[in-house]
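What follows is a single structure, written as structure tokens, with notes after it.
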Amino acid sequence: MSTKGRDRTYRIGELAERIGVTTRTIRYYEEIGLLATSARNEGKQRLYRESDVLRLQELLRLRDLLGLSLDELTALAEAEQARAALRDQWHDDTSDSEKAKIVMAAIPLVERQLKLVQARQRRLTAFRKELSNRLNMLRLRLDELQQG
């Protein structure tokens with residue numbers, strides 16, 4: 001295991017401890033294609049690089065922030081991977097017509113991500129309204145009890 005900055009690798013247990021998840025979560029994310037193992041050592045142990053750490057942190061942030069299901073998280077991650085590939089193409093190609101094709105390909109990917117976020121936002125707004133109504137009813141009931 002290397003300990004130099006960006007060259008540092010982590011065994012699955014170290015990654016789990018650093019991120020604050022179980023090794024089972026990491027293995028499951030690998031099984032469903034959300035996370036890839038960077039390498040394996042001679043003992044066949046999974047090894048993860050700093051880029052894997054960052055990817056897992058981002059996946060967990062999105063999952064927690066947006067309350068995404070694993071299917072939604074997978075869809076969001078796939079769209080982001082496709083966008084990353086398009087960004088690489090953008091930097092490799094200088095032709096305006098090719099760049100226009102890249103932009104046209106990126107638009108539906110961002111639209112797909114936006115739809116996921118908007119759907120979650122609508123559900124959160126509905127839940128907020130429901131809680132607000134409950135709170136108002138409880139306050140009214142308390143006022144009635146205190147006055148009556």
Side-chain angles (χ1 to χ4, degrees), residues 1-41 45-143:
M1 180 168 47
S2 172
T3 56
K4 291 186 290 182
R6 293 187 184 267
D7 295 332
R8 171 111 163 60
T9 57
Y10 302 88
R11 292 186 308 257
I12 193 168
E14 293 171 323
L15 177 62
E17 186 175 326
R18 178 167 174 194
I19 303 296
V21 297
T22 65
T23 57
R24 177 67 191 124
T25 297
I26 295 170
R27 285 187 195 101
Y28 186 66
Y29 275 36
E30 287 179 357
E31 288 171 24
I32 63 174
L34 285 172
L35 184 67
T37 304
S38 286
R40 290 189 184 259
N41 64 14
Q45 292 177 315
R46 293 171 170 91
L47 294 177
Y48 302 89
R49 295 189 177 96
E50 195 63 32
S51 60
D52 301 315
V53 172
L54 296 173
R55 176 158 174 83
L56 184 56
Q57 286 174 323
E58 180 66 8
L59 289 168
L60 295 170
R61 184 182 74 87
L62 288 169
R63 181 197 69 187
D64 295 343
L65 178 66
L66 298 173
L68 297 175
S69 70
L70 287 176
D71 287 340
E72 291 169 322
L73 186 58
T74 299
L76 199 62
E78 286 171 353
E80 188 55 37
Q81 284 177 321
R83 288 182 52 229
L86 290 173
R87 277 192 298 275
D88 290 343
Q89 286 179 5
W90 178 274
H91 295 295
D92 293 344
D93 207 304
T94 57
S95 147
D96 284 349
S97 65
E98 286 301 312
K99 286 186 176 186
K101 289 177 186 175
I102 292 168
V103 170
M104 288 188 315
I107 289 171
L109 296 171
V110 175
E111 287 174 339
R112 182 174 160 197
Q113 291 176 310
L114 184 58
K115 284 180 185 176
L116 282 169
V117 171
Q118 288 171 330
R120 180 61 55 183
Q121 201 171 29
R122 283 190 298 274
R123 289 191 291 270
L124 285 172
T125 298
F127 185 54
R128 181 186 52 79
K129 287 178 182 177
E130 181 182 323
L131 289 175
S132 187
N133 289 339
R134 284 184 197 168
L135 183 59
N136 288 337
M137 295 211 23
L138 288 169
R139 286 183 174 150
L140 285 171
R141 195 162 286 148
L142 181 59
D143 284 347

Show the atom names and distances, to 0.1 Å, of all donor-acceptor pairs under 3.5 Å that link a side chain in residues 131-141 to residues at least two apart or in another chain.
residue: Asn133; atom: ND2; partner: Lys129; partner atom: O; Å: 3.3
residue: Arg134; atom: NH2; partner: Glu130; partner atom: OE2; Å: 2.3
residue: Asn136; atom: ND2; partner: Ser132; partner atom: O; Å: 3.4

> Is the shortest distance from a Lys or Arg side-chain nitrogen in Arg24 or Glu31 to a carboxylate oxygen in the other one below 4.0 Å?
Replying inline: yes
| message | Under the criterion side-chain contact (heavy atoms from CB on, under 4.5 Å), I'd like the reasoning laid out for Gln89 against Lys99: C-alpha separation, chi angles, the key distance, then a yes or no. | response | CA-CA 8 Å; Gln89 286 179 5; Lys99 286 186 176 186; over 6 Å; no
Ala82 meets the side chain to side chain contact (heavy atoms under 4.5 Å, CB included) criterion, sequence neighbours left out, with Leu109
Tested for side-chain hydrogen bond (donor to acceptor under 3.5 Å, both in side chains) against Tyr10, the lone hit among Arg49, Arg46, Glu50 is Glu50
*Just wondering, do Leu15 and Arg11 contact through their side chains at under 4.5 Å, heavy atoms?*
no
CG of Leu70 to CG of Leu34, rounded to nearest 0.5 Å, is 7.0 Å
| said: Looking only at side-chain N and O atoms, does Arg55 offer a donor or acceptor that is under 3.5 Å from a partner on Ser51? | reply: no
Q.
Looking at Glu17, I want to see if its CD is surrounded by more than 12 non-hydrogen atoms of other residues, nucleotides or ligands under 6.0 Å.
A. no
Would you tabulate the side-chain donor-acceptor contacts of residues 121-128 under 3.5 Å, counting partners in other chains and residues two or more places apart, or write 'none'?
residue: Arg123; atom: NH2; partner: Glu72; partner atom: OE2; Å: 3.2
residue: Thr125; atom: OG1; partner: Gln121; partner atom: O; Å: 2.9

So CG of Leu76 and CG of Leu116: to nearest 0.5 Å the spacing works out to 5.5 Å
Tightest non-hydrogen contact, residues Val21 and Leu56, listed as CG2-CD2, 4.5 Å
Between Leu60 and Tyr29, does a side-chain contact (heavy atoms from CB on, under 4.5 Å) hold up when you go through it step by step?
CA-CA 10 Å; Leu60 295 170; Tyr29 275 36; 3.8 Å; yes
- Item | Exam field: side chain Arg120 to backbone Gly67, donor-acceptor pair closer than 3.5 Å | yes
